S.K.: 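Following this message is one structure expressed as structure tokens.
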Amino acid sequence: MNTGDKVDFPIIHDPRGNLTFIEGEKHIPFNISRVYYLYDVPGGAERGGHAHYDLEQVIIAMSGSFDLILDNGFKKTRIHLNRSYYGIYVGSMIWREMDNFSSGACCMVLASKRYDEKDYIREYEDFIKQFR
Ligand code: TYD
């Protein structure tokens, strides 16, 4: 699986409401060690703005919508997310930003590792140095 790939999750359609599930190492290519989510994001706010040496993630718009900007050091791609039945895979060494959050948006992130500040690259200059 490559960064930016859309991952479609199973949907159990039901007149009582639809159901989606995600199993680690089955629907996404890693075991889920951590789940975190962004919500109550004020209009105009930006999140992300970092890369990870090692972490893999799948990013899902659980409600509302937002844009995910992925930068592999050479090319930037903007992806609009607005459904809870698919996610976007983000591998290691990718600079990511999120903006354009709608009101009520909830961004859920499935992560391959537990939180580790040492895995972050927080300065864009340090990120881009890895490719030049
Ligand atoms: P950060 O990853 O910088 O947020 P963003 O979503 O904008 O990229 O995290 C913000 C703060 O939250 C930072 O102080 C670290 C803390 N944090 C944790 O303690 N555990 C986590 O799993 C995450 C994602 C963040």
Side-chain angles (χ1 to χ4, degrees):
M1 189 166 288
N2 299 308
T3 291
D5 282 356
K6 187 171 172 234
V7 195
D8 288 309
F9 306 129
I11 307 174
I12 309 293
H13 293 280
D14 191 308
R16 299 170 301 159
N18 299 331
L19 184 151
T20 282
F21 53 94
I22 306 164
E23 295 183 9
E25 292 178 317
K26 183 170 176 187
H27 303 110
I28 62 173
F30 54 81
N31 195 20
I32 301 164
S33 292
R34 178 167 52 114
V35 176
Y36 67 92
Y37 32 97
L38 302 167
Y39 54 98
D40 291 348
V41 179
E46 292 172 13
R47 299 294 313 226
H50 55 75
H52 289 278
Y53 288 109
D54 201 33
L55 191 72
E56 296 174 88
Q57 297 179 311
V58 169
I59 299 181
I60 306 161
M62 290 306 282
S63 66
S65 64
F66 56 88
D67 289 355
L68 173 64
I69 305 109
L70 299 176
D71 176 348
N72 64 6
F74 300 94
K75 191 173 163 235
K76 275 190 195 192
T77 314
R78 179 178 284 269
I79 302 168
H80 186 64
L81 282 85
N82 60 358
R83 291 285 183 267
S84 55
Y85 50 73
Y86 70 85
I88 301 294
Y89 174 77
V90 182
S92 59
M93 293 306 294
I94 300 290
W95 190 266
R96 88 289 312 278
E97 288 164 10
M98 282 168 279
D99 65 12
N100 199 22
F101 283 87
S102 71
S103 75
C106 176
C107 166
M108 186 171 80
V109 183
L110 309 177
S112 62
K113 300 241 160 105
R114 292 171 69 169
Y115 175 74
D116 177 8
E117 186 57 38
K118 291 192 295 297
D119 189 55
Y120 277 78
I121 307 175
R122 290 211 180 262
E123 296 297 328
Y124 190 75
E125 223 172 76
D126 296 336
F127 168 71
I128 214 70
K129 259 192 234 158
Q130 315 278 330
F131 302 96
R132 304 287 185 261

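All heavy atoms count here, side chains included; hydrogens, waters and symmetry mates do not. Note that this is a predicted model, so its numbers are computed, not measured. As the structure lists them, so they are numbered: ligands from 1, and atoms in each ligand from 1.
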S.K.: Is it true that R78 and D99 make a salt bridge, defined as a side-chain N closer than 4.0 Å to a carboxylate O?
M.R.: yes
S.K.: When you measure from atom 17 (N) of ligand 1 to every protein heavy atom, which one gives the shortest distance, and what is it?
M.R.: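 Heavy-atom neighbour on the protein nearest atom 17 (N) of ligand 1: Y115 CE1, 3.8 Å.
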S.K.: Distance below 4.0 Å between atom 4 (O) of ligand 1 and any protein heavy atom?
M.R.: yes
S.K.: What do you reckon, does H50 have a nitrogen or oxygen under 3.5 Å from a nitrogen or oxygen of ligand 1?
M.R.: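 H50 vs ligand 1: N/O contact under 3.5 Å present.
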S.K.: The test is side-chain hydrogen bond (donor to acceptor under 3.5 Å, both in side chains); show your working for Y85 and N18 and say whether it passes.
M.R.: CA-CA 10 Å; Y85 50 73; N18 299 331; over 6 Å; no
S.K.: Short list, please: which atoms of ligand 1 are under 4.0 Å from a heavy atom of Y36?
M.R.: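 Selected atoms, number and element: 24 (C).
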S.K.: Are any non-hydrogen side-chain atoms of R34 and V109 less than 4.5 angstrom apart?
M.R.: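 A side-chain contact under 4.5 Å is absent here.
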S.K.: Of all the non-hydrogen atoms in the protein, which one sits nearest to atom 6 (O) of ligand 1, and at what distance?
M.R.: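 Nearest protein contact, heavy atoms only, for atom 6 (O) of ligand 1 is R47 NH2, 3.5 Å.
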S.K.: Quick one: do I88 and L38 end up in the same hydrophobic cluster if we chain Ile, Leu, Val, Met, Phe, Trp and Tyr together by side-chain heavy atoms under 4.5 Å apart?
M.R.: yes
S.K.: Please test M98 against E46 for side chain to side chain contact (heavy atoms under 4.5 Å, CB included), starting from the C-alpha separation and ending with a verdict.
M.R.: CA-CA 6 Å; M98 282 168 279; E46 292 172 13; over 6 Å; no
S.K.: Name the orientation class of the two ring planes belonging to F131 and F74 (parallel below 30°, tilted from 30 to 60°, perpendicular beyond 60°).
M.R.: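 If you compare the ring of F131 with that of F74, the planes turn out perpendicular.
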S.K.: How close do W95 and I121 get, counting heavy atoms only, and between which atoms?
M.R.: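 Closest approach of W95 to I121: CZ3-O, 3.4 Å.
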S.K.: Are any non-hydrogen side-chain atoms of E56 and M1 less than 4.5 angstrom apart?
M.R.: no
S.K.: Please state which part of V109 comes within less than 4.0 Å of ligand 1, counting heavy atoms only: side chain, backbone, both or neither.
M.R.: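 Neither; nothing of V109 gets under 4.0 Å from ligand 1.
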S.K.: Determine, counting only non-hydrogen atoms of the protein, whether one lies under 4.0 angstrom from atom 14 (O) of ligand 1.
M.R.: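 It does not: no protein heavy atom is found less than 4.0 Å away from atom 14 (O) of ligand 1.
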S.K.: May I ask you to identify, for M98, whether its side chain, its backbone, both or neither come under 4.0 Å of ligand 1 on a heavy-atom basis?
M.R.: neither
S.K.: Determine, using heavy atoms of R122 and all atoms of ligand 1, whether some pair is separated by less than 4.0 Å.
M.R.: yes
S.K.: Using a 4.0 Å cut-off to any heavy atom of Y120, which atoms of ligand 1 qualify?
M.R.: 1 (P), 2 (O), 24 (C)
S.K.: If you scan the protein for heavy atoms around atom 11 (C) of ligand 1, do you find one that is closer than 4.0 Å?
M.R.: no
S.K.: Can you list the atoms of ligand 1 that are under 4.0 Å from a heavy atom of R34?
M.R.: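 Matching atoms, with element in brackets: 21 (C), 22 (O), 23 (C), 24 (C).
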S.K.: Please determine whether the number of non-hydrogen atoms from other residues, nucleotides or ligands lying under 6.0 Å from atom CZ of R122 exceeds 12.
M.R.: yes
S.K.: Which is it for E117 and ligand 1 at heavy atoms under 4.0 Å: side chain, backbone, both or neither?
M.R.: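 Neither; nothing of E117 gets under 4.0 Å from ligand 1.
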